[in-house]
Amino acid sequence: MGRKKQKQPRDFPFPYHAEIELEITTLTNRGIGLGRVPLPRETSSLSTSPEPESSGAWVVMVPFCLPGERVRARVFRNQKNFSEADLVEVLTASPERIAPPCEFFGRCGGCQYQHFTYDGQLAWKRQQVVELLQHMADIEHPVNPVIGSPEQFGYRSKITPHFQLPRDGQSAEDLPIGFLRQGTRFDIVDVPRCLIATDAINERLHTIRPEVRAKVAAGGYKKGATLLLRDASGTVTTDYDTVVTETVGDLQLHFLARDFFQNNPFILPAFTGYVREQAAASGARHLVDAYCGSGLFALTAASAFEQVQGIEISESSVRFATENAAANDITNATFQAGDASAIFAGLTFPADDTVIIIDPPRKGCDEVFLNQLFDYGPKAVIYVSCDPATQMRDLVHFKTAGYTLTDVQPFDLFPQTRHLECVVTLRR
Ligand SMILES: C[S@@+](CC[C@H](N)C(=O)[O-])C[C@H]1O[C@@H](n2cnc3c(N)ncnc32)[C@H](O)[C@@H]1O
C-alpha cells in the first residue's frame, strides 16, 4: 500500500510571506477586507499547483482593513481561488478608520470593526443587506438605514470566555482565559476585560479569573471549559440554571441563564417595538410566534392581537414563556414545546387573519417548516434573523410562494462585530 501523499502548501501565486500591495474594495460577510491583484507572471513558473482558472485578478483577503484602503499585506496561505494575508501596513487609510479602543483588538476574534467609525459600521451593514438581497434572493428593494444600538460598548449582557488546561510547563497562574484568537479555532487570547460586555460582567470577570486559575491549579478541571457570565439588570450569574430576569419596556421576562435570550438589552425596546408595529400593520387579528424562546416577540406584541400562539423547541424556554405571560397579566397568549413546523397541525387561526413572526437560529428555516408555512399561507410573515445570508436564501422560497417583500429593517444588535440582525416583512 502506498503512503498517503503529503499535502504540499501551495506556493502559487505567492510564495509564503510574500509582501504585496493592494486596494481593499469590499468586506466579506466575515468582516475581512477583500481586494484583487493582477496575477504575478514571474511566480507562475515556480508554481507546483495548476494555474487557477482566473488569469486576471486574484482575490486576496486581509483582515482589519476597510473598503477604499490601500494596504501592504503578507501572504500566509494560497487557497484554490484566493490568498489569505496579514495586514502589515495601511498605506492610504479610509476616512472611517479610527483607533480601536480595545488593546486586544486584532488578536481577539470577538470584534472585527473597532477600527471603523460607528456610522461607517452602520452604513456598511446596510450595504451588506442590499447586496445579499440582490445576490442571494434576486430582489431589488430599498433597505432602511440600520437602527443602531444606543450603547456601542458595554452592551453585551452575556459572554462565554474559554480556557484550556496548562500545557508544556505553563503555570495555571497566568492561564489564558478569554476568546479564540482571530483566525484560529484553538488558540485562546487572554482577555481580562471585554469592552463590549457590560460593566457588571467585567467586574465579575475580574473576580472569576483567579477563582478559575486556583481551581485549575488544584486539579479541579479534567479539561478546558467555557464559562458563562450573564448579566441581568446588574446582577451577574455564572450558573447555567439560574433564573434571569430582564426588563423589556413594561414587561419583566424570566428565563434560564442557559437558554437563548437576545444579548443586547439596550436595543430591545426599539427592536421589539418595530416587530410589533410591522405585525400589527398587517391588520391580522391573530399572531403566531415561531421559534419564540421565552416569549420576547409574542409577549411584547400580544396587546395588538386577539390571540397569540408561540412554539419553541426548548422546553424550559416554553415553560418560562408561559410563566412570563401569566406574570405580566397577558391572558391571550399560549405556548407549546416542539419543532416549529408542529405549530400548523392544530392551528385554528384563519390564515388570512394571521401574521407569523419567525426568528430561527442562524441556519435559517428548514424545508419542512417552510412547506408547511406556505401550505398554511398566513396573511403576513415577519422574518427576524441574525444571519441575513440564510434569511435571503429563504426569501427565494417566499417569492416563489407568492409573498412580496414590503419592508427590510436591519438592527445593529452587535456593535463592533461583523454580526447584524435583519427584520424582513412579507405580505401575500
Ligand atoms: C434566534 S432564537 C430566537 C428566540 C426568540 N424569538 C427571542 O428573540 O428571544 C431561536 C430560537 O429557536 C429555537 N429553536 C431552534 N430550533 C428550533 C426548532 N426546530 N423549532 C422550534 N424552535 C427552535 C431556539 O431554542 C431559540 O430559542
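Numbering starts at 1 and runs along the sequence shown. Atoms within each ligand, like the ligands themselves, are counted from 1 in listed order.
- Ligand 1 is surrounded by F260, Q262, Y291, C292, G293, L296, F297, E312, I313, G338, D339, A340, D359, P360, P361, each with at least one heavy atom closer than 4.0 Å.
- The only option from V244, L268, L256 that meets the side chain to side chain contact (heavy atoms under 4.5 Å, CB included) definition with F261 turns out to be L268.
- No side-chain N or O of T334 forms a donor-acceptor pair with one of Q309 less than 3.5 Å apart.
- Legend: side-chain hydrogen bond (donor to acceptor under 3.5 Å, both in side chains) pairs involving residues 274-290, not counting sequence neighbours, sorted by first then second residue: Y274-D407, R276-S303, Q278-T425, R285-E306, R285-D353, H286-Q307.
- Within 6.0 Å of the CD atom in E173, the count of heavy atoms belonging to other residues, nucleotides or ligands does not exceed 12.
- Side-chain contact check for K399 versus I139: some heavy-atom pair is nearer than 4.5 Å.
- Ring pair F344/F369: centre-to-centre distance below 6.0 Å.
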